[in-house]
Structures are given as structure tokens and as C-alpha cells.
2 protein chains.
Amino acid sequence: MRSEDIARLAGVSRSTVSRVINNYSDIPQKTRDKVLKIIEQYHYEPNTSARVLAGKSTSTIGLFVVSLSEQPGVNRIYQNNYFAPFVDAVIDTANAAGYYVLVHTIYAEEDFAKVKQAFLQKRIDGGIIVGTQKNAELIGGIARIGLPFVLIDYDVADILEHRLSDSPITVVNSDDYEGAMAAMNHLISAGHKEIGFISGHMNTYSGKQRFRAYEAALRTHKLPVRPEYVLNGRFLKQAAYEETKRLLKLDRLPTAIFSANDDMAIAAMNVLREHGLRIPDDMALIGFDDVPVAAQLIPSLSTVRLPIYDMSKEAVSRLVGMFENGAGTLSSVSFPTSLIIRDS
Amino acid sequence: MRSEDIARLAGVSRSTVSRVINNYSDIPQKTRDKVLKIIEQYHYEPNTSARVLAGKSTSTIGLFVVSLSEQPGVNRIYQNNYFAPFVDAVIDTANAAGYYVLVHTIYAEEDFAKVKQAFLQKRIDGGIIVGTQKNAELIGGIARIGLPFVLIDYDVADILEHRLSDSPITVVNSDDYEGAMAAMNHLISAGHKEIGFISGHMNTYSGKQRFRAYEAALRTHKLPVRPEYVLNGRFLKQAAYEETKRLLKLDRLPTAIFSANDDMAIAAMNVLREHGLRIPDDMALIGFDDVPVAAQLIPSLSTVRLPIYDMSKEAVSRLVGMFENGAGTLSSVSFPTSLIIRDS
DNA sequence: GTGAAAGCGCTAACAT
DNA sequence: ATGTTAGCGCTTTCAC
């Protein structure tokens with residue numbers, strides 16, 4: 001069933017059918033109804049490829065989830081409490097706004113070709129990229145294609161430095177520094193003087209900010225910054241697990257641990273439990289993200305809440321805004337986090 | 001940049017460029033290399049719409065997540081431990097097989113139009129649908145379009161009845177009946193004689209099978225089937241929460257509860273805890289699905305494991321198989337479940 | 001208000 | 001082995 005068939009059945013020309021489909025104003029209600037009736041009756045839907053080729057938009061948003069991890073297969077997003085909500089929230093809000101979502105996961109450096117490909121092949125009107133490590137070359141490469149895109153969790157300064165401020169890029173961040181600072185201040189106010197840190201990935205913006213706040217908080221309160229208390233977690237459960245085990249072998253332990261995300265905090269929790277340490281009595285613990293399980297655990301996990309749904313929604317609506325207002329230039333937003341004190 | 005530009009730059013015709021791109025055999029290595037070099041150099045990627053319009057496939061799989069729930073907004077998939085893994089696993093395996101995935105969520109009856117639309121508009125080569133309630137009309141409607149698709153969790157008998165066995169449909173199920181039976185037998189062997197049930201959605205295949213096994217197990221062992229012990233959960237956390245509260249108001253309580261999924265079992269756990277009941281001493285609890293949190297809870301939740309990753313992978317590979325072998329007819333697989341005994 | 005016709009970027013049958 | 005050409009199904013400019 002093609003538009004020509006509809007035209008014949010309705011006794012009009014293909015152009016009239018097209019006008020009806022695209023809601024042209026200069027077409028009498030009578031003709032419109034007649035055509036619409038046939039379309040309805042035959043369940044006709046215009047061929048997307050043909051429409052796009054003729055100049056229409058794809059009504060499709062690309063969503064690229066970047067999760068580079070050294071151990072392949074270990075950080076699949078469906079086991080990742082941070083990415084999964086983004087995927088779902090973006091799909092939700094994009095669908096509600098009338099867009100299809102093309103999702104692609106990037107687990108290896110070479111898969112990045114796939115994101116440029118999706119843009120270059122004109123499969124999408126624009127994209128949302130979450131989880132990118134600092135990589136101006138990549139961002140520049142995509143920007144050069146000219147289609148708008150949104151980066152979730154990225155350092156705006158890095159984009160500015162590479163003179164990309166005229167490109168249609170939107171950056172959506174959370175106030176990671178402030179959130180981490182709040183968590184640290186809470187621990188310090190509670191009297192903790194020896195605080196450990198499980199770091200995220202230092203090449204991501206959020207990972208960096210959370211670490212910076214950790215250090216700054218200690219310095220501000222003239223507390224010791226001990227290298228052996230900084231665990232290299234890279235946002236990975238497994239790494240956090242190993243590193244926490246290593247920490248417990250030290251002669252002298254911190255009394256609290258601040259983890260750059262909840263997944264790693266939970267891994268640490270398991271290690272602590274295995275070693276017979278009580279939480280929070282022997283070791284206080286604060287995570288980051290407020291993943292759904294955090295509240296379910298016993299003891300429930302104190303954490304810094306990230307407004308993932310709002311961030312995703314904003315990413316979609318900004319992207320759609322760029323479609324409608326014709327590209328635009330660099331812009332950014334940052335969402336406030338909130339400290340959630342629970343039992344840990 | 002179009003194929004014509006590449007042709008000009010390489011000093012050949014557009015058809016030669018096309019032949020190179022599509023790996024035709026009758027083209028000398030020298031010409032191939034020359035063209036490839038230009039393509040590389042200019043980062044050329046053929047326009048997908050044009051290729052599809054000219055008869056190529058889209059290399060895109062549609063993934064439709066159906067989650068009809070009475071309370072809108074309450075059952076978003078990112079809070080749903082059952083759907084999220086399917087989404088991620090399908091994306092993972094499809095991407096690995098060289099396919100893009102177009103994901104759409106269906107939260108209301110009228111959104112079903114979107115799935116037929118995606119097929120009709122030729123946006124996808126085929127689709128995977130998870131979470132459908134029994135609805136032969138819908139299935140028949142999609143089948144009539146002629147593109148292959150996979151149903152995850154659907155009653156094969158229903159498809160047979162509606163004479164759809166010649167359509168390119170694959171059904172991927174899990175052994176829900178057997179799994180539920182194993183859980184029930186475990187409880188019964190442990191001496192439980194009064195067993196409650198939190199039901200899933202009776203219109204889904206898995207929901208139905210899990211309930212059937214519950215009843216059958218009780219009957220087989222000549223144990224009482226008490227209507228007041230059957231809670232109407234519809235796979236929803238909230239409903240399970242309310243219903244469990246209702247259950248606890250009864251004069252006489254069961255000593256064990258079997259829940260049709262883990263999310264509801266966890267909701268029940270919370271209610272039990274709030275009422276000061278100990279698990280498993282005062283009330284034993286077994287869930288279904290083995291969602292990631294199940295193992296993290298205290299007490300950890302005994303459950304029936306669903307091989308979601310394998311099911312998703314099979315769904316993708318069967319779909320791709322139908323693409324390659326030209327449609328085909330109805331087929332189905334069912335995956336074994338396994339009883340995971342933990343502390344609850 | 002509506003139709004005719006050109007063109008979007010590609011593939012593939014046909015011709016050489 | 002490579003070029004020429006006719007579509008694929010739609011949108012849109014230009015005529016009428």
C-alpha cells in the first residue's frame with residue numbers, strides 16, 4: 001500500500017494525499033475527510049525511508065550508552081544501576097514527545113564508530129550520549145556532522161576549550177561537586193576524621209567532581225588525605241569489591257567511607273559484612289546516585305540522590321528544542337542533588 | 001557527501017561505489033581499494049533511507065515493552081526489575097549482531113498503534129514484543145503485516161487457535177509452570193500446609209502458568225486452596241503491598257507465601273517487616289525472576305531464576321534467523337528455570 | 001484547490 | 001569489469 005494507491009482509491013492525486021498527511025492548510029475539509037477515510041480503512045502508513053529521503057525528519061533520537069570497562073562483559077548496563085534508569089527515562093520521555101529512540105551501547109573504544117555512523121547515515125535527527133569519558137576528539141567529530149546532540153555528564157570547559165561553542169550541543173550535568181561536598185560534610189559533622197573514598201572513573205566529569213569534593217572537604221577541615229584510603233573503583237562493583245578487601249588489610253582503618261556511586265558502596269558493604277564489621281558502627285558508608293535498591297538494603301544506604309528522571313527529561317526536551325529552533329549553540333544545565341540520610 | 005561525490009573523487013561511476021559498499025565479488029581489488037580510500041578519507045556513510053528505499057534492509061530491530069497498568073506512571077520500566085534486563089539484554093545482543101534497536105514502551109491500550117506503525121512505516125525489519133497480555137487480535141494484526149516478530153512470554157496455544165501458525169512468529173517462553181511447581185514443592189516439603197499466593201497478571205502467559213502451578217501443587221498434596229490467601233498482585237509492587245496488608249488482617253495466616261514475581265515478594269517483605277513478622281520463621285517467602293536485588297536483601301530472597309539474558313539472546317538470534325531465511329512459520333522455545341534457595 | 005513532475009540518494013538490472 | 005538507467009515512495013515547487 002503506497003500513497004499512490006490511496007490516491008487512486010480516494011480519486012485524487014498523490015500530492016493531495018501527501019498534503020493531507022502533512023496537514024497542509026489549503027485543503028478543504030471535504031477532500032481531507034475523504035482521503036483520511038481511505039487511509040484509515042486500509043491502515044496506510046507512509047514509508048519512513050521515502051519521507052526522510054524527501055526531506056522529512058526521522059522523528060528518531062539516538063541514545064548512546066558508553067560504558068568502557070577494562071573487563072569486557074563485566075559492566076553490561078542491565079546490571080548497572082546508573083545507566084538503566086537513564087535508558088528507561090529517555091525512552092519514556094522521548095516516546096511521550098512522539099519520538100522513536102534508537103539505543104546503542106558502546107563497550108569498547110572502537111564501537112564509537114557506531115555513534116558517528118548513526119548520525120552520518122541519517123538514521124536519527126540527533127542524539128543523547130551518556131557516560132562519555134573526556135574525549136574532545138570524539139565530541140568534535142560528532143559536532144562536525146552538524147546534527148544536535150546532548151551530552152549527559154560532561155565537562156563544559158572541555159568543550160569550550162576546543163572551540164566547539166558554536167555547535168548545537170547541550171550538556172546536562174548534576175551538581176556532583178556540591179552533592180559530594182554535602183555527603184562529606186555530613187560525615188565530618190558526625191565526627192569522622194578518617195574518611196576513605198572509593199573513586200569513580202577519573203576521566204568522567206562526575207567521577208572527577210566527586211573526587212575533587214572529597215579532597216576539598218578534607219582539606220577544608222584540615223583532615224588528613226591518605227592515599228591508601230583512596231580506592232580505585234572506576235565505578236565498577238568488582239573493582240570496588242577488590243579494593244575494599246585491600247583496604248581492610250591495612251593496620252589502621254578509616255571510620256567512614258564515601259563511595260562515588262551506590263553500586264560500589266554496596267560492594268563495599270558486602271566486604272565489610274564478610275569481615276564482620278558493623279555498619280555504621282564500625283564503618284559509616286555513604287554512596288552516590290540513590291539507586292532503587294539503596295533504600296531496600298539493611299542497613300539502608302545513605303546516599304546522594306541524582307535526579308535521573310529530570311535530567312533525562314531535560315535532555316530530551318532540549319534536544320527536541322534544538323530540532324525545532326534549528327540547531328543552536330552550546331548550552332548547559334546542571335541539576336541539584338540531595339543528600340539522603342539513611343541508616344548506613 | 002553522497003555516493004556521487006565519492007564516485008567523482010575516485011574516478012568511477014556511482015554503481016561502482018555501490019558495488020564496493022555492498023561487497024560485490026566482480027570488482028578488482030585495485031578499484032575496490034581506490035574507492036575505499038576515498039570513502040575512508042571523507043568519512044562517507046551511505047544514507048540509510050536511500051538504501052532502504054532502494055530495497056535494502058533497515059538493520060534495525062524494534063523492541064516493544066508492554067506494561068499496561070491501571071495506575072498510570074506507576075509501572076515505568078526503569079523501576080521494573082523484570083523489563084529492564086530484557087531491554088538491556090536485547091540491545092546488547094542485537095548490537096553485537098550488527099543491528100540497531102528501536103525501543104518503544106507501551107503503557108496504554110491506544111499506544112499499541114505505535115507498534116503496528118513502526119512495522120507499517122518500514123522502520124524495522126522485525127520486532128520483539130515483551131509483556132503482551134493475551135490479545136489475539138493484536139497479534140493477528142501485526143502478523144498480517146508480514147514482517148517477522150518474536151513474542152516473549154506468550155501462550156502458543158492462543159496463536160495456534162487463531163490460525164496464525166503460518167506467520168513468521170517465534171515465541172520465547174520460560175518454564176513458568178515447572179518453576180512455580182518447584183517452588184511450591186520446596187515449601188510443601190519444608191512442611192508448610194497453608195500457603196498464600198501473590199498473583200501476577202492473569203492475562204499474561206507467565207502470570208497464568210505460575211498461578212496454575214500454585215493451585216495444582218496444593219491439590220496434588222491435598223492441601224487447602226483458600227481464596228482469601230490468593231492476593232491479586234498483577235505483577236505490581238503497589239498492589240502486592242496493599243494486598244499483603246489485607247492478608248495480615250485475617251484471623252488465620254498462611255505460614256508461607258509464594259509470589260509470582262520478586263518485586264511483589266519484596267513489597268510483601270516490607271509489609272511483613274512493618275508488622276513485626278520474621279522471615280522465614282513466621283512466614284516463608286519465595287519469589288520469581290531472581291532480580292539482581294534478590295540476593296542483596298536481608299534475608300536474601302529465595303526465588304525461581306529466569307534466564308532472561310539467554311531468552312533475550314535467543315529472541316534476537318531467532319529473529320535474525322527469520323530475516324536471513326526469509327520469514328518462516330510459527331516456532332517456539334521454552335527455557336528452563338531454576339529454584340534458588342536462599343534465606344527467606 | 002489540485003495535479004504534474006522533478007528530485008531526495010541509493011541499488012540493481014541491463015547494457016557494453 | 002564498469003557505466004547507464006530505471007525505479008524505490010514520498011514531498012514540494014510550479015502550473016493551472
Side-chain angles (χ1 to χ4, degrees), chain A residues 1-39 42-60 117-125 145-147, chain B residues 1-39 42-60 117-125 145-147:
Chain A
M1 182 108 293
R2 301 162 308 150
S3 74
E4 193 175 339
D5 302 320
I6 299 296
R8 194 167 17 77
L9 290 162
V12 296
S13 73
R14 276 158 56 210
S15 14
T16 300
V17 172
S18 176
R19 286 188 181 98
V20 169
I21 289 171
N22 294 292
N23 260 309
Y24 275 51
S25 53
D26 59 350
I27 189 155
Q29 196 58 42
K30 207 178 139 191
T31 314
R32 185 184 301 279
D33 289 344
K34 186 172 56 180
V35 174
L36 245 24
K37 205 185 127 206
I38 304 289
I39 288 180
Y42 289 86
H43 304 295
Y44 167 74
E45 290 282 348
N47 181 307
T48 299
S49 298
R51 302 192 80 193
V52 172
L53 195 55
K56 289 291 186 185
S57 70
T58 65
S59 298
T60 303
Q117 232 174 59
F119 279 93
L120 251 9
Q121 295 177 344
K122 298 275 150 63
R123 285 177 180 270
I124 54 181
D125 296 339
I145 298 172
L147 293 178
Chain B
M1 183 106 294
R2 302 161 307 150
S3 75
E4 194 175 339
D5 301 319
I6 299 297
R8 196 168 15 79
L9 290 162
V12 297
S13 74
R14 277 159 51 211
S15 19
T16 301
V17 173
S18 175
R19 285 186 182 101
V20 169
I21 289 171
N22 294 292
N23 261 309
Y24 274 52
S25 53
D26 60 352
I27 189 157
Q29 197 57 40
K30 208 179 138 191
T31 312
R32 184 184 301 277
D33 288 343
K34 185 171 57 179
V35 174
L36 245 23
K37 205 184 125 205
I38 303 288
I39 288 180
Y42 289 86
H43 304 295
Y44 166 75
E45 289 282 349
N47 180 306
T48 299
S49 298
R51 301 192 80 191
V52 172
L53 196 53
K56 289 290 186 185
S57 71
T58 64
S59 300
T60 303
Q117 231 175 59
F119 279 94
L120 251 8
Q121 295 177 344
K122 297 276 151 64
R123 286 177 179 271
I124 54 181
D125 296 339
I145 298 172
L147 293 177

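Within every chain, numbering begins at 1; the chains are lettered A, B, ... in the order of the sequence lines, protein sequences first and strands thereafter.
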I need the CZ-C1' distance between B:R8 and D:dG3, as an integer number of Å. 17 Å
Report the distance from atom CG of A:L53 to atom C1' of D:dT11, rounded to the nearest whole Å. 10 Å
Between B:K37 and B:L9, is any pair of side-chain heavy atoms under 4.5 Å apart? no
For A:E45 and D:dC10, what is the distance between atoms CD and C1' respectively, to the nearest whole Å? 14 Å
Side chains of A:I21 and A:Y44, heavy atoms from C-beta outward: is any pair under 4.5 Å? yes
Quick check on DNA chain D: between A:R19 and A:R14, whose nearest nucleotide comes earlier from the 5' end? A:R14
Using OP1 and OP2 only, check whether a side-chain N or O of B:T16 sits under 4.0 Å from D:dA1. no
Rounded to whole angstroms, how far apart are CD on A:E4 and P on D:dC10? 9 Å
Looking at D:dG9, I'd like to know if its phosphate oxygens (OP1 or OP2) sit under 4.0 Å from a side-chain N or O belonging to A:R2. yes
Under 4.0 Å, counting only non-hydrogen atoms across every strand here, what does A:V52 touch: a base, just sugar-phosphate, or nothing? nothing
Counting any heavy atom closer than 4.0 Å, what does A:V17 reach on the DNA or RNA strands: base, sugar-phosphate only, or nothing? nothing
Any non-hydrogen side-chain atom of B:I6 less than 4.5 Å from a side-chain atom of B:V35? yes
A:N47 versus B:R123, side-chain donor and acceptor atoms under 3.5 Å: no
Any salt bridge linking B:R8 with B:D5? Criterion: basic side-chain nitrogen under 4.0 Å from a carboxylate oxygen. yes
If we only count heavy atoms from C-beta on, is the B:N22 to B:K56 side-chain gap below 4.5 Å? yes
For a quick test of reading the model, state the closest non-hydrogen atom pair linking A:P46 to A:R51 and the distance between them. CB-CD, 3.8 Å
Answer yes or no: is there a side-chain heavy-atom contact under 4.5 Å between A:I39 and A:L36? yes
Which is true for A:S15 with a 4.0 Å heavy-atom rule: it touches a base, it touches only sugar-phosphate, or it touches nothing? base
Rounding to an integer number of Å, can you tell me how far B:Q29 CD sits from D:dA1 P? 13 Å
First and last nucleotide of DNA chain C in contact with chain B, 5' to 3', at under 4.0 Å to a heavy atom: what are they? C:dG9 to C:dC14
Pull out every residue in residues 20-28 of chain B that has a heavy atom closer than 4.0 Å to any atom of DNA chain C, ordered by number, or say none. B:N22, B:Y24
Side chains of A:V20 and A:I27: does their closest heavy-atom pair fall under 4.5 Å? yes
Please classify the nucleic acid contact of A:S49 as base, sugar-phosphate, or nothing, using heavy-atom distances under 4.0 Å. nothing
On DNA chain C, does the nearest nucleotide to A:S13 precede the nearest nucleotide to A:A50 from the 5' side, or the other way round? Give the residue. A:S13
